[in-house]
2 protein chains.
Amino acid sequence: MTDRASVDEVDQRIIRALRADGRLSVRSLAEQVHISRANAYARIERLRDSGVITGFTAEVAPEHLGLGTSAYVSVSIEQNTWKPVAAALRSVPCVERVALVGAEFDALVTVRCRDNHELRDTVLEQIQAIPGVKATRTWLIFEETEVHDWATAPPARDPGR
Amino acid sequence: MTDRASVDEVDQRIIRALRADGRLSVRSLAEQVHISRANAYARIERLRDSGVITGFTAEVAPEHLGLGTSAYVSVSIEQNTWKPVAAALRSVPCVERVALVGAEFDALVTVRCRDNHELRDTVLEQIQAIPGVKATRTWLIFEETEVHDWATAPPARDPGR
DNA sequence: ATTGAAACCTAACGTAT
DNA sequence: ATACGTTAGGTTTCAAT
């Protein structure tokens, strides 16, 4: 399940198409990518089995769900407590993403809250209560943009083999 | 297209189901959520039109696409140049996300690169070349976890109205 | 008014050859 | 690539609450 084998240009086009529209039918995907339908089925299955495509999901605007306050929270962690602290962070409500990083802090956590009050509670009551958390800093997110095409953008200027 | 009106518990269940599996058929979604198929169609359309659901996409593991090096890059920006700089950042290859934040820096950029060399190029040649960018700092991402359920997790403990 | 149940034709699925 | 039985997509109608 962890080949890093062969993702050819056709696979790249499949991924690009499915990232743009995750509910695309296999038929229109196949014709859009100029392969047969059977081939499309086989490739999609292979991409899922090999762990390249990990799933499909609906993209949601947090503000429209009443989650108007987003923030990054940097977390400093005591030595040798990475794993349990990261697990604890993941189970805090409002936490969307936990990244362990190499910086003057150790983890960068993305949170989605209803309002400043819930953010305060999340940071001060939930995150700082985790054993092993030494310090936090909170950076409010004013505006955010996702680039849809990072996964398949580079034209692979290296003809490596 | 920007109501923040009524997202009831049924909508929440729909969103949770579609976040877990973005390719769920409307039929199985309807029975899983205990509504009629016609109702499911109507609600999905409403959630899309109102901007709550912004799209559907395939989730991809960057490492399996040859993008083994991920990083956060903090960017300090000259006063009054937010907009063009943010736009320029978004058009840099390897950039996945641009967030404007309130911190000692102004933007936090997520990048996905093949290797350290491409990261170096992205940061030093592409990002620092943008007019208005004053300084950057790069934090390597060692490990990263997405929490799938932030959008519908909180049980809304506040009976606000 | 909003929902659920049923019916309907078309299109896509998934597999096999 | 074609064909084939099965399932889902969309839409409409109608009854019920």
Side-chain angles (χ1 to χ4, degrees), chain A residues 1-3 5-61 63-66 148-149 151-152, chain B residues 1-61 64 148-149 151-152 155-156 158-161:
Chain A
M1 106 173 56
T2 319
D3 320 34
S6 52
V7 173
D8 64 16
E9 327 80 54
V10 175
D11 291 329
Q12 301 250 34
R13 274 181 279 150
I14 290 175
I15 290 165
R16 192 192 336 268
L18 287 177
R19 280 190 61 79
D21 179 5
R23 283 182 80 86
L24 206 56
S25 73
V26 180
R27 299 182 96 97
S28 34
L29 172 66
E31 69 178 283
Q32 181 172 330
V33 175
H34 306 301
I35 58 178
S36 76
R37 206 156 64 85
N39 195 358
Y41 276 109
R43 282 175 180 267
I44 292 171
E45 188 183 4
R46 184 170 51 73
L47 288 170
R48 298 208 59 161
D49 290 348
S50 63
V52 178
I53 293 178
T54 58
F56 294 89
T57 193
E59 301 176 293
V60 153
E63 327 85 71
H64 286 71
L65 276 175
H148 225 112
D149 247 29
T152 51
Chain B
M1 101 171 61
T2 319
D3 318 36
R4 60 202 58 248
S6 52
V7 174
D8 63 17
E9 327 81 53
V10 176
D11 291 330
Q12 302 249 33
R13 274 180 281 150
I14 290 174
I15 290 165
R16 193 192 335 268
L18 287 177
R19 281 190 60 80
D21 179 5
R23 283 182 80 85
L24 206 56
S25 74
V26 180
R27 300 180 100 99
S28 35
L29 173 67
E31 69 178 287
Q32 180 172 329
V33 175
H34 306 301
I35 58 176
S36 75
R37 208 154 65 86
N39 195 358
Y41 277 109
R43 283 174 181 268
I44 292 171
E45 188 182 5
R46 185 170 49 75
L47 288 170
R48 298 207 59 159
D49 290 349
S50 63
V52 178
I53 294 177
T54 58
F56 294 89
T57 193
E59 302 175 293
V60 154
H64 287 71
H148 224 113
D149 247 31
T152 51
D158 173 301
R161 50 101 187 267

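So that the names make sense, note that chain A is the first sequence line, chain B the second, and so on, each numbered from 1.
Comparing dA8(D), dG10(D), dA16(C) by their nearest atom to the side chain of A38(A) picks out dA16(C). For S25(A), counting side-chain heavy atoms from C-beta on, the closest listed nucleotide (dC13(C), dG9(D), dG4(C)) is dC13(C).
The closest side-chain heavy-atom distance from V7(B) to Q12(B) is below 4.5 Å.
Rounded to whole angstrom, the span from the OH atom of Y41(A) across to the C1' atom of dA12(C) amounts to 7 Å. One atom, NE2 of H34(B), and another, C1' of dT3(C), lie 16 Å apart when rounded to the nearest Å. One atom, CG of N39(B), and another, P of dT12(D), lie 17 Å apart when rounded to the nearest Å. In this structure, the CD1 atom of I44(A) is 14 Å from the P atom of dA12(C), given to the nearest Å. Computed from coordinates, the R27(A) CZ to dA3(D) P distance equals 12 Å when rounded to whole Å.
Within 3.5 Å, no donor on the side chain of R37(B) pairs with an acceptor on the base of dG4(C), nor the reverse.
Rounding to the nearest 0.5 Å places CZ of R16(B) at 11.0 Å from CD of E9(B). The line from CG of L47(B) to OG1 of T54(B) is 11.5 Å long, rounded to the nearest 0.5 Å.
Checking R23(A) against I35(A), the closest nucleotide of DNA chain D that is more toward the 5' end is the one next to I35(A).
Of all heavy-atom pairs spanning Q32(B) and A17(B), the tightest one is NE2-CB, 3.6 Å.
Regarding contacts with the backbone of dT2(C), every side-chain N or O of R43(B) stays at 4.0 angstrom or more from both OP1 and OP2.
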